[in-house]
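Just follow the structure's listing: the first ligand is 1, and inside any ligand the first atom is 1. This structure is a prediction, so every number in the text was calculated from the model and none was measured.
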Amino acid sequence: MAERLQNFVDGNWRASSASQALDVINPASAQVLAEVPLSPATDVNAAVERAERAFLSWRRTPVVDRVQPLFKLRALLEQHRDELSLSITNECGKTLAESKAEMQRAIENVETACAMPILIQGANCEDIASGIDEHMIRQPLGVVAAIVPFNFPGMIPFWFLPYAVAAGDCFLLKPSERVPITSQMVFHLVREAGFPAGVIQLVHGGREAVNAILDHPGIRAVSFVGSTATAKYIYSRAAASGKRAQCQGGAKNPVVVMPDADLEMTTRILADSAFGCAGQRCLAASVAITVGDARSGLTERMAAAAKGRKVGYGAQAGVEMGPVISAESKTRIEGLIAKGEHDGARVLVDGRGPKISGYEDGYFILPTVLDDVAPDSEAARTEIFGPVLSLMHAQTIEEAIALVNGRSYGNMACIFTTDGANARRFRYEVNAGNVGVNVGVAAPMSTFPFSGWGESFFGDLHAQAHHAVEFFTQTKVVVERWPKEWSRKF
Ligand code: NAD
């Protein structure tokens, strides 16, 4: 029987009191890896109660001491990077190289948060009025929680966790119930790193655990990453109970290819963006808009790149793309390809229904290219979240930018060009928070905020870097006068 995962509460592993559980499945083989409990509200409440107690002394711990276990955690993540990466590949499906790159991003976020003694500094102004000084101090909020998606189980918790605890908050993680094993492994390292009991906790679960987090009066802020529908729900329910919320949603990312672009390089980068992680990245290119003469050159090259990609179990040498997350996801994606065809697109490369030798039960779809996709069709507007690239064609950069700006999502937009004026115009005019110029996955490094716009983000302060510091702290302004001192001067 598969191992049942446990929650990590008050510095110890605890069995969840859940009566229900789900199988965690390797999407390449359909093999059951573990069983994840769907923790009830009582489990969340117990964790919050411990966190509230831990906060009393954690917030009084000097910031230079709070970052010490983070330095240790950074070293442990590095030391265990290979096991963590294999776990990501096994529960999420991506290739081992992609999993290792993901862990690198997690580590970098810990490194950035270790600068908290500088990042948390406030501001002051002496003599803002005669004999009056004013100071702005940053103080932690209390207990905060993060609810995360399936597609980056190793990285996304680290968009929040290190900043929250370095800022002096106590942090609760609710991982995706589809990929909870990597979080379980990370929490063994959290324990070894030596954080005081209750400062960082893990509660597995689904909707009930999420709702308990959203409604709990003791949780001050919620960070969320997932689909747009869930992001909207979390944002409004968190706000209804007076919490801060930062909710990153889904995406549909366009890439414009100008006629002056280097088409060999563009095809290679674009194919990696569209088909890397089997298209299950919120920064995956999902629509390519060619301008003018770029059309034929890019279309032919992209078809060849899609056909040439080696698909299989992500831990096997030479595999360039793994499966999608679940049987339901595979069915949904294949349905959207069929819908695209029905709406008039040409299926240039059809990846539906493959059999991968040795992994016949896996949830595989091969890279797929749809050509002549109509801008208002479902294939052009819906987040497919699979290895499907839709091609559209425009005559001018104005037309291409209008297509980019005509969609509701705003996670990323990219341009491929060798003309600086085109690049600047694109950067200036597009409605997207993460912009790439000759880059296919414009993922901000940990020292910059992950800046989704539109239907891709609900809130104001994003994940990572200075935004995370602001999100996890509240400002206090002190206006100060010392009459004796002031009168002494005159
Ligand atoms: P999801 O919305 O299904 O689930 C995300 C989390 O929300 C999970 O922890 C899940 O347990 C919880 N959840 C799901 N439905 C819920 C409900 N009805 N009530 C309460 N909780 C609920 O997302 P997913 O399928 O795990 O992840 C893929 C999505 O995440 C894609 O849309 C992708 O674009 C998006 N994503 C966005 C970013 C970004 O930075 N904008 C990054 C990664 C992924």
Side-chain angles (χ1 to χ4, degrees), residues 20 22 24 27 36-39 41 44 91-94 102 105-106 109 145-160 172-180 182-183 202-215 222-238 245-253 276-286 324-326 328-329 332-333 336 382-386 408-412 432-434 441-444 446 448-459 461-464 467-468:
Q20 288 178 304
L22 293 176
V24 183
V36 61
L38 295 178
S39 299
V44 171
E91 65 179 353
C92 182
K94 61 183 72 173
E102 174 177 344
R105 290 294 173 109
N109 272 287
I147 300 155
V148 293
F150 81 81
N151 64 331
F152 283 93
M155 175 184 75
I156 289 180
F158 285 95
W159 282 358
F160 312 110
L172 174 66
L173 178 68
K174 203 298 286 172
S176 165
E177 61 275 42
R178 290 189 273 182
V179 292
T182 307
S183 290
L202 168 74
V203 175
H204 291 291
R207 285 181 193 193
E208 187 177 346
V210 170
N211 288 338
I213 288 171
L214 297 175
D215 296 344
V222 171
S223 305
F224 171 82
V225 183
S227 59
T228 290
T230 320
K232 280 184 178 166
Y233 168 73
I234 304 265
Y235 190 57
S236 53
R237 192 154 170 169
Q246 48 175 193
C247 300
Q248 332 226 18
K252 183 82 185 173
N253 302 307
C277 299
Q280 299 173 120
R281 264 194 295 224
C282 68
L283 294 180
S286 53
V324 296
I325 188 68
S326 64
E328 301 76 58
S329 208
R332 186 184 54 78
I333 295 163
L336 282 164
T382 305
E383 180 179 40
I384 298 178
F385 222 54
S408 56
Y409 294 108
N411 219 30
M412 180 184 83
N434 302 298
V441 179
S446 61
F448 287 87
F450 195 104
S451 298
W453 283 13
E455 294 276 294
S456 299
F457 182 72
F458 303 91
L461 294 166
H462 296 84
Q464 297 193 152
H467 278 212

Visitor: Answer yes or no: does an N/O atom from Phe150 fall short of 3.5 Å to an N/O atom of ligand 1?
Guide: yes
Visitor: Using a 4.0 Å heavy-atom cut-off, say whether Ile156 meets ligand 1 through its side chain, its backbone, both or neither.
Guide: side chain
Visitor: Short list, please: which atoms of ligand 1 are under 4.0 Å from a heavy atom of Ser227?
Guide: 1 (P), 2 (O), 23 (O), 29 (C), 30 (O), 32 (O)
Visitor: Restricting to ring-ring contact (aromatic ring centres under 6.0 Å, His included), what partner residues turn up for Phe224, sequence neighbours left out?
Guide: none
Visitor: Could you say whether the N/O atoms of Val225 and ligand 1 ever approach to under 3.5 Å?
Guide: no
Visitor: Starting from atom 27 (O) of ligand 1, what is the nearest protein heavy atom, named by residue and atom, and what distance separates them?
Guide: Pro149 CB, 3.2 Å
Visitor: Any non-hydrogen protein atom below 4.0 Å of atom 4 (O) of ligand 1?
Guide: no
Visitor: Would you indicate whether the side-chain heavy atoms of Pro175 and Leu202 approach each other to under 4.5 Å?
Guide: yes
Visitor: Between Ser446 and Gln464, is any side-chain donor less than 3.5 angstrom from a side-chain acceptor?
Guide: no
Visitor: Just wondering, do Glu208 and Leu38 contact through their side chains at under 4.5 Å, heavy atoms?
Guide: no
Visitor: So is there a nitrogen or oxygen of Asn211 less than 3.5 Å from a nitrogen or oxygen in ligand 1?
Guide: no
Visitor: Quick check on Arg178 - does any of its heavy atoms sit under 4.0 Å from an atom of ligand 1?
Guide: yes
Visitor: Quick one: nearest non-hydrogen protein atom to atom 20 (C) of ligand 1, plus distance?
Guide: Val210 CG1, 3.5 Å
Visitor: Which protein non-hydrogen atom lies closest to atom 40 (O) of ligand 1, naming both residue and atom, and how far is it?
Guide: Phe450 CE2, 3.3 Å
Visitor: Which atoms from ligand 1 have a heavy atom of Gln248 less than 4.0 Å away?
Guide: 39 (C), 40 (O), 41 (N)
Visitor: For atom 31 (C) of ligand 1, which of Glu383, Glu455, Met412 has the closest heavy atom?
Guide: Glu383
Visitor: I'd like to know if the side chain of Ser39 and the backbone of His204 have a donor-acceptor N/O pair within less than 3.5 Å.
Guide: yes
Visitor: Quick one: look at Phe457 and ligand 1, take heavy-atom pairs under 4.0 Å, and tell me if it's side chain, backbone, both or neither.
Guide: neither
Visitor: Contact between Asn411 and Glu455 at the side-chain level, heavy atoms closer than 4.5 Å - yes or no?
Guide: no
Visitor: So which protein heavy atom does atom 16 (C) of ligand 1 come closest to, and at what separation?
Guide: Thr230 CG2, 3.5 Å
Visitor: Under 4.0 Å, heavy atoms only, figure out whether ligand 1 is touched by the backbone of Trp159, its side chain, both or neither.
Guide: side chain
Visitor: Just need the protein heavy atom nearest to atom 8 (C) of ligand 1, so name the residue and atom and give the distance.
Guide: Val148 O, 3.3 Å
Visitor: Do any heavy atoms of Gly249 fall under 4.0 Å from ligand 1?
Guide: yes
Visitor: Between atom SG of Cys277 and atom CG of Asn151, what is the distance when rounded to the nearest 0.5 Å?
Guide: 8.0 Å
Visitor: Please check: side-chain N/O of Glu177 versus main-chain N/O of Leu22, any donor-acceptor pairing under 3.5 Å?
Guide: no
Visitor: Using a 4.0 Å cutoff against the non-hydrogen atoms of Asn151, which atoms of ligand 1 qualify?
Guide: 43 (C), 44 (C)
Visitor: Show which atoms of ligand 1 fall inside a sub-4.0 Å distance from at least one heavy-atom site of Gly250.
Guide: 32 (O), 34 (O)
Visitor: Around atom 19 (N) of ligand 1, find the nearest protein heavy atom and jot down its residue, atom name and distance.
Guide: Arg207 CG, 3.5 Å
Visitor: Which of the numbered atoms in ligand 1 are under 4.0 angstrom from any heavy atom belonging to Lys174?
Guide: 8 (C), 9 (O), 10 (C), 11 (O)
Visitor: State, with a plain yes or no, whether a side-chain heavy atom of Thr228 is found less than 4.5 Å away from one of Phe458.
Guide: yes
Visitor: Any heavy atom of Phe224 closer to ligand 1 than 4.0 angstrom?
Guide: yes
Visitor: Could you tell me whether the side chain of Pro153 reaches within less than 4.5 Å of the side chain of Glu102, counting heavy atoms only?
Guide: yes
Visitor: Rounded to the nearest 0.5 Å, what separates atom CG in Asn434 from atom CZ in Phe450?
Guide: 5.0 Å
Visitor: Checking Lys174 side chain against Val203 main chain: does a donor-acceptor pair fall under 3.5 Å?
Guide: no
Visitor: Parallel, tilted or perpendicular for His462 and Phe457, by the 30°/60° rule?
Guide: parallel
Visitor: To the nearest 0.1 Å, how far is atom 28 (C) of ligand 1 from its closest protein heavy atom, and which atom is that?
Guide: Phe385 CE2, 3.6 Å
Visitor: Please determine, by modelled atom types, if Glu91 and Thr182 share a side-chain donor-acceptor pair under 3.5 angstrom.
Guide: yes
Visitor: List ligand 1 atoms under 4.0 Å from Ile147, heavy atoms only on the residue side.
Guide: 6 (C), 7 (O), 9 (O)
Visitor: What atoms of ligand 1 come within less than 4.0 Å of a heavy atom belonging to Ser176?
Guide: 9 (O)
Visitor: In Å and rounded to the nearest 0.5 Å, what is the CG to CZ distance from Leu172 to Phe160?
Guide: 13.5 Å
Visitor: Just to confirm my output: which protein heavy-atom neighbour is closest to atom 42 (C) of ligand 1, and how far is it?
Guide: Cys282 SG, 3.0 Å
Visitor: Are any of the N/O atoms on Glu177, whether in the backbone or the side chain, positioned under 3.5 angstrom from an N/O atom of ligand 1?
Guide: yes
Visitor: Side chains of Phe158 and Arg105: closer than 4.5 Å at any heavy-atom pair?
Guide: no
